[in-house]
Q: 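Okay, handing you the structure first.
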Amino acid sequence: MKRVGVFICHCGTNISAAVDCEKVAENAKSFPGVAYSTDYKYMCAEPGQELIKKAIKEQKLDRIVVASCSPRMHEPTFRRCIESGGLNAYLLEMANIREHCSWVHPDDKERATIKATDLVKMAVAKVMQNEALVRSTIPITKRALVIGGGIAGIQAALDIANTGHIVDVVEKEPSIGGRMAQVDKTFPTLDCSACILTPKMVDVANHPNVNLITYSEIEKVEGYVGNFDVTIRKKARSVDLKACTGCGTCIQKCPTKVPSEFEMEMMDRKAIYTPFPQAIPNKPVIDRENCRYFKSGKCGVCQKVCPTNAVDFTQEDELVTERYGAIVVATGFDLFDESVYGEYGYGKYKDVITGLHFERLLNASGPTMGKIKRPSDGKIPQNVVFIKCVGSRDEAKGKAYCSKTCCMYTAKHATLVREKIKDSNAYVFYMDVRTPGKGYDEFYTRTTDQYGAKYIRGRVSKIYEKGDKLIVWGEDTLLGRPVEIEADMVVLATAMVAKADAAKLAQMVGFSYDQNHFYTEAHPKLAPVETHTAGVFLAGACQGPKDIPESVAQASAAAVKVCGLLSKEEMPTEPIISAVNEAICSGCGMCVPVCPYTAIDLKVIQERIHGKTVSRKVANVNSGLCQGCGACTVACRSAALNLKHFTNEQILAEVDALCL
Amino acid sequence: MERIELTAAWAKGQEVLAEVTKESGVRASKCYQCGKCSAGCPVAFAMDKTPREIMRLVQLGLMDEALQSHTIWLCASCDTCSTRCPREVDIARVMETLRIIAKRKGSVAEKKMDLFHDLFLKSVENNGRVHELGLILGFNIYGMQPLKDAHFGPSMLLKGKLSPLPHTIKDNGEVKKIFANVRKRGGKL
Amino acid sequence: MSITEMPQNWEPKILVFACNWCTYAGADLAGLSRLQYPPNIRILRVPCSGRVNPQFVIRAFQRGIDGVLVAGCHPGDCHYVSGNYFTRRRYLLMQRLLQYVGIDPERFQARWISGSEGPKFQQVVTQITEEIRAMGPNRKLRDAQ
Amino acid sequence: MKYAYYPGCSLSSTGVEYDISTKKVAKSLGIELWEIPEWNCCGASSAHLTDHLLALALPARNLAIAEEKGLDVAIPCAACYARCKATEVEVRNSKEMQETISAVIERQYTGKSQARALLDVFVNDLGLESINTLVNKPLKDLKVVSYYGCLLVRPPKLGFDDAEDPQSMDKLIEALGGTPVDWAFKTECCGAAHATTKSEVGFPMIEKILTAAKETGADCIATACPLCMSNLDMRQTQVGAKYGQNYSLPVFYFTELMGIALGINPQELGISKHFVDVSGIVKKLNEAAGRRDTA
Ligand SMILES: Cc1cc2nc3c(=O)[nH]c(=O)nc-3n(C[C@H](O)[C@H](O)[C@H](O)COP(=O)(O)OP(=O)(O)OC[C@H]3O[C@@H](n4cnc5c(N)ncnc54)[C@H](O)[C@@H]3O)c2cc1C
Ligand SMILES: Cc1cc2nc3c(=O)[nH]c(=O)nc-3n(C[C@H](O)[C@H](O)[C@H](O)COP(=O)(O)OP(=O)(O)OC[C@H]3O[C@@H](n4cnc5c(N)ncnc54)[C@H](O)[C@@H]3O)c2cc1C
Ligand code: SF4
Ligand code: SF4
Ligand code: SF4
Ligand code: SF4
Ligand code: SF4
Ligand code: SF4
Ligand code: SF4
Ligand code: SF4
């Protein structure tokens, strides 16, 4: 026999003013299963809790209903209370007779009392079906993985490592550093990007808790929070990192020149190369697609000149599998392919370039040694036109969103043109100037006031070459007149877009992305670094356009989340999850696509039927992934799935209790 | 400059704005006033308002001003603006619709152009095809500029480029019917 | 049953399935803000509006409930990513099913009410109570039993 | 290969040579053109300014006749093509419009018969390689800027070529043995719509295009539209006089250049009907061909 105890709270007069608590307690005595019912002034207070504990013992109660405030307020309190009274925490139900009753019906005590009675009746009916549930735990592997070694990945890795946890950083390129390494100076302070980035790169490389795994990619991810099994492909570098001293002799002697990706193809690199001088690791890699040895079997110069015998043509890709407790994804962004703007002639006119090209032109170790020169003829441009929102805020040809960084970096570029080129003009075509951020608008104001850049409100419609000039057609929308500029160079502030392989990576790790393939945070305001997948966190521009300060802030936030997770030995799991009744599951698989957390898969079980062993498919809920939403239970036509603590039977019992 | 009282203007423009929206299929609110249309418009130099300004007038419901502008008549229907608009606003279609409505309302800023189109269509209705010589002569006579482009005439005739007689199709009943049917459906031709 | 046979003092009884994260919290907020509404609704807490099996709704009508409201987070705001998306799809199916079994489909409603929309909660349940009251008691299935 | 052929009004007057050269070239390429009997004016520059339904109905009649024959329509004039294409697309995309139009023209038109630009047909259906193999008098050393005009490749969603930097005519010139010259005014509007009614507006537009073409050092302009032709050829001297320029820049229909390359006697193609003298170019081509013959 089940013995339910019912406890009606007055909440001082908060409840009792509108609900006749004694009467409700009295009514409850007649509900099936109720062995004891009482009311009290303050249930959550020490004496109230003692009252419950005492009743459990004296009345031999095996399940409890508390009718009081919202369970969102005190469910944990009363769960702890009955637990210390010797009952399983999940043998509690609450009836919300304050927020949902007394407070909203203060003037109709009779009907409020009827309603409170109904609510208690429902809770009693439900609790009769409650089962003891146990919170289990899963062990946590105390090692974190950071995917992507840009500024966001570097910062996250450093913060995690500094708390004493081990971090692996997997970077696709031969060096860490990301886009920030390509940028020359950074807004809003104009300090040199390398000067602030390089020390961080060195720190992360030298940190005893950090393993850099460069020139590598994620191949497979299995498992879930606490225990992700990740397979990493270490691409053949053709240089033995341990033997190589980074002397650079091989690079000097290599006869093969290839346009450098890092320098936006405005300069050459060799087939054996480091992407940039401050690269980390500062050891070369052979680009097998272009190396003569790999193309024709001839050459091998680098191997011959290497004093330490580090060049190894026979190296092969290596697959390693490692277990991690948490993952930070920090894979950054790409730039929009502006060649879709036929009217701007990108790709056709050499002196129409992107902002990133311009960064390299500004950089002292770039193709022009930091002198702003035109790619076509090396002349110093006098009139430089900047066009903002290229590919951003353009539904027709590009992306609908704002790329957030380009207003600022264009202001930076315009400032630098005026600073570096005597008598130059910087014209900026803009639609809006978006500079929210500390010191940002002041920076923009200096660009116009102090540096005299000319801002023209309007989008450019056409650029064409006339002699060695570029004619730019725009409208000054503030004047309402078409305008034309004879420019020497045009710089397009192209949109920040998701990495080409962003969706693939998200599918592999198992979290969601938006229509633009930026990664989706768990909540846009309150969980901006979490994903919907427990244990996977986001940092930097892979989640959406961001500048460096924001990327760093997000990285540190993600690191805290990771450390919070790794600081525990094991993790309790919520027992309110879905369970499969294998006996009646038909294996139809209807439930599988419904689960937002991909917690359900089909497994094969062996059964003995009439003395024969047969195997069949049944659904299998991964308790580490299930979050207990219950969507699957509705999808199952055989009613083989049920959600613990909110079972079909429990809910139907509540419905019946209310109606009958 | 005269101050516009926006609330009253907005209320007044609603009916025409609804017509423009319905007939052009363009929601003016989509335009974010970037000016790319005007920047590339080949006729902008001759217009009294840039195409973007026309869109702005429509957005604010200042329909009289839009309908009375020369711009809508000067637009060459080249589609440059619609092709490049980042918000996929079909401005050329808005211009077209405004012209049609201006004509309907009798507020035509470029009377001569309007006359030409009328003659053109009359020629089509009567002959099934356009008789270029007749059209040009007619236009210049009605338009009070009898000698305009006259110097092209003789050499055109010589080159066999202008026929003194209209080209007609044998049975023009079908084309006449098309005009009649369009009129029946409310077309003001 | 004709209107004249309507029991005296009849009050509609309405069952509200409220998702734990949005609508239940919205109802709590209505309480905290002391926003009054008719005492005809009874809230049944579910983790997500997507947990509501059409079976539950049918059962309630069978047992004589006068109206059912399923309420959850706004589309796109679901605590469980996509649960309310299923609710949306099932809603129309449910209404058709009810029509089939002879219940006025208007007795069944689905609404999106977030945790910060206390006033909206008040407004929605007030409105629904009045609508159901106007429809009179649901007898169809109970009588058929 | 068989197409319905819609010449349009201009090709029987100002653009006769376009009609003549089209027919000759199609014949030697083995393309059969079935001229739509009793075709009517598509309403080109005027109908769409007066009434949207009329603007769709006029071209629809011609398209409907072609549809009855089961043929797509090859259209040389860019303006006619644009109107016909707009009709085809609107009818195909809306059942309602299809019914309305069919009722207005009192013929059935479903949008199945497609409006095709003649250039598109030559370049994409017949193909550049086939054309190239038939060339026997290549346009050697002839530098040509291709002028597509504003209507041929717009709107981009309907076009058969890139709306900002179309290539088909350039590639065709190349296939004919000529040298296509890249420039930025391929699709700039020449203001043909205002040629008669407000020519003062058209002049600066024509000036821009002719100046840009001249600056590239090209020998001539190739065009695909009789309205562009009138503006660039017939009005060239007038515009030149106004801006103090002597362009002397011959303008050809691309079909004329094709005809010449295919070995058809230039006179038969109607090139003597041009206003700007083309004899210099013909002579140059003949000399080149002669050199080749004797070599
Ligand atoms: C022209 C320009 C100028 C700018 N100027 C400034 C400025 O002055 N100030 C400022 O604050 N911001 C500036 N920014 C913005 C700044 O570049 C970004 O905020 C910053 O780079 C974002 O860092 P991140 O680490 O998120 O991404 P990234 O820098 O893109 O780094 C991502 C890293 O992940 C790696 N990766 C990608 N995919 C994978 C994968 N599948 N597996 C493994 N590794 C992967 C990449 O190789 C890369 O190393 C500028 C941006 C541009 C385009
Ligand atoms: C009108 C308006 C609308 C907004 N709307 C949005 C929106 O829609 N979305 C959005 O994302 N953001 C919005 N914001 C911004 C949002 O309010 C802030 O981002 C957010 O409140 C910042 O949180 P905070 O904790 O940093 O600061 P606060 O919210 O200011 O909290 C600071 C706390 O510190 C306490 N405190 C201050 N000094 C001391 C002291 N010396 N000792 C102890 N305690 C102290 C204060 O009492 C306060 O409780 C809005 C802001 C405004 C003004
Ligand atoms: S349990 Fe809730 S209702 Fe009771 S006294 Fe505490 S706060 Fe008030
Ligand atoms: S591979 Fe050899 S030569 Fe090249 S940098 Fe390393 S040690 Fe020097
Ligand atoms: S083998 Fe390849 S990498 Fe080495 S020197 Fe030759 S080309 Fe360069
Ligand atoms: S940040 Fe500025 S330039 Fe960049 S997309 Fe946004 S508004 Fe345009
Ligand atoms: S309850 Fe929700 S999270 Fe759990 S398995 Fe079912 S659908 Fe997935
Ligand atoms: S649990 Fe239900 S839905 Fe899932 S496979 Fe089994 S029978 Fe099908
Ligand atoms: S281009 Fe489009 S969005 Fe921009 S002003 Fe013109 S109509 Fe508006
Ligand atoms: S269609 Fe009209 S408004 Fe648009 S660019 Fe052409 S001439 Fe200008």
Side-chain angles (χ1 to χ4, degrees), chain B residues 23 42-43 45-46 74-80 82-84 90 96-97 99-100 103 110 112-118 120-121 123-124 127-133 135-136 139 143 148-149 152 155-156 159-163 167 169-172 174-175 177-179 181-182 185 187-189, chain D residues 9-10 12-17 38-41 43-55 57-58 60-61 82 100 103-107 149-151 154-156 163-164 187-194 196-202 204-205 208 234-235 238 270 272-275:
Chain B
E23 291 179 31
V43 203
F45 70 92
L74 288 167
C75 161
S77 302
C78 73
D79 253 2
T80 308
S82 304
T83 297
R84 293 186 186 151
D90 191 346
E96 181 183 311
T97 310
R99 274 184 303 249
I100 294 173
K103 198 170 153 65
E110 290 280 345
K112 262 195 295 180
M113 291 184 141
D114 186 43
L115 171 69
F116 174 81
H117 299 309
D118 284 349
F120 185 104
L121 290 180
S123 174
V124 176
N127 309 313
R129 295 182 190 168
V130 177
H131 177 224
E132 289 192 339
L133 183 60
L135 178 62
I136 292 168
F139 174 66
K148 183 165 172 290
D149 282 347
F152 288 128
S155 55
M156 297 263 276
K159 286 176 191 287
K161 291 196 161 199
L162 276 185
S163 142
H167 299 267
I169 53 183
K170 268 182 247 131
D171 174 16
N172 192 35
E174 266 191 62
V175 177
K177 251 194 224 154
I178 293 179
F179 277 80
N181 284 339
V182 170
R185 284 165 189 267
K188 297 242 178 335
L189 306 177
Chain D
C9 302
S10 300
S12 51
S13 51
T14 47
V16 271
E17 63 273 34
E38 300 292 302
W39 53 263
N40 61 276
C41 170
S45 45
S46 293
H48 69 287
L49 306 186
T50 308
D51 187 90
H52 189 61
L53 187 56
L54 183 69
L58 288 172
R61 178 177 171 268
T100 312
V104 169
I105 63 173
E106 301 186 10
R107 278 172 187 268
C150 59
L151 294 172
R154 285 181 189 142
E164 293 297 348
T187 59
E188 278 302 319
C189 171
C190 68
H194 302 323
T196 319
T197 52
K198 226 175 165 69
S199 33
E200 71 277 14
V201 169
M205 298 163 78
K208 267 209 172 82
M234 186 175 90
R235 293 186 190 276
Q238 203 183 1
S272 56
K273 296 181 189 294
H274 294 193
F275 284 78

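Note on naming: letters A, B, ... go to the chains in the order of the sequence lines (proteins, then strands), and numbering restarts at 1 for each one.
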Q: For the candidates D:Ala47, D:Ser46, D:Cys150, which exhibits the highest count of non-hydrogen atom pairs separated by less than 4.5 Å from chain B?
A: D:Ser46
Q: Measure across D:Val201 and B:Phe45 and return the closest heavy-atom pair with its distance rounded to 0.1 Å.
A: O-CZ, 3.3 Å
Q: Please state whether the side chain, the backbone, both or neither of D:Ser10 comes within less than 4.5 Å of a heavy atom of chain B.
A: both
Q: Let me confirm one number: the CD-OG1 distance from D:Glu188 to B:Thr80, rounded to the nearest 0.5 Å.
A: 6.0 Å
Q: Under 4.5 Å heavy-atom distance to chain D, tell me which part of B:Ser82 shows up: side chain, backbone, both or neither.
A: neither
Q: Tell me, do B:Val175 and D:Leu58 make a side-chain contact under 4.5 Å, heavy atoms counted?
A: yes
Q: Begin from the C-alpha positions of B:Ser77 and D:Leu49 and carry the test side chain to side chain contact (heavy atoms under 4.5 Å, CB included) through to its verdict.
A: CA-CA 9 Å; B:Ser77 302; D:Leu49 306 186; 4.2 Å; yes
Q: I want to check something: taking the side chain as every heavy atom from C-beta on, are D:Lys198 and B:Lys112 in contact at a cut-off of under 4.5 Å?
A: no
Q: Answer with side chain, backbone, both or neither: which region of D:Ala103 has an atom nearer than 4.5 Å to a non-hydrogen atom of chain B?
A: both
Q: Name the member of B:Leu74, B:Val124, B:Val43 that forms the most heavy-atom pairs with chain D at distances under 4.5 Å.
A: B:Leu74
Q: Can you see which heavy atom on D:Ala57 is nearest to which on B:Ile178, and at what distance?
A: CB-CG2, 3.7 Å
Q: Below 4.5 Å, heavy-atom pairs only: which of B:Leu121, B:Ile100, B:Val182, B:Asp90 has the largest tally toward chain D?
A: B:Ile100
Q: Give the intermediate values and the outcome of side chain to side chain contact (heavy atoms under 4.5 Å, CB included) for residues D:Ile105 and B:Asn181.
A: CA-CA 8 Å; D:Ile105 63 173; B:Asn181 284 339; over 6 Å; no
Q: Rounded to the nearest 0.5 Å, what separates atom CD in B:Glu23 from atom NE2 in D:His52?
A: 9.5 Å
Q: Does D:Val104 form a side chain to side chain contact (heavy atoms under 4.5 Å, CB included) with B:Arg185? I'd like the steps, not just the answer.
A: CA-CA 9 Å; D:Val104 169; B:Arg185 284 165 189 267; 3.5 Å; yes
Q: Between chain B and each of D:His48, D:Met205, D:Arg107, count heavy-atom pairs under 4.5 Å; write down the option with the most.
A: D:His48
Q: For D:Ala193 and B:Ala76, which heavy atoms make the closest approach, and how far apart are they?
A: CB-O, 3.9 Å
Q: What I'd like to find out is whether the side chain of B:Thr83 reaches to under 4.5 Å of the side chain of D:Glu164, using heavy atoms alone.
A: yes
Q: Please check: side-chain N/O of D:Arg154 versus main-chain N/O of B:Cys78, any donor-acceptor pairing under 3.5 Å?
A: yes
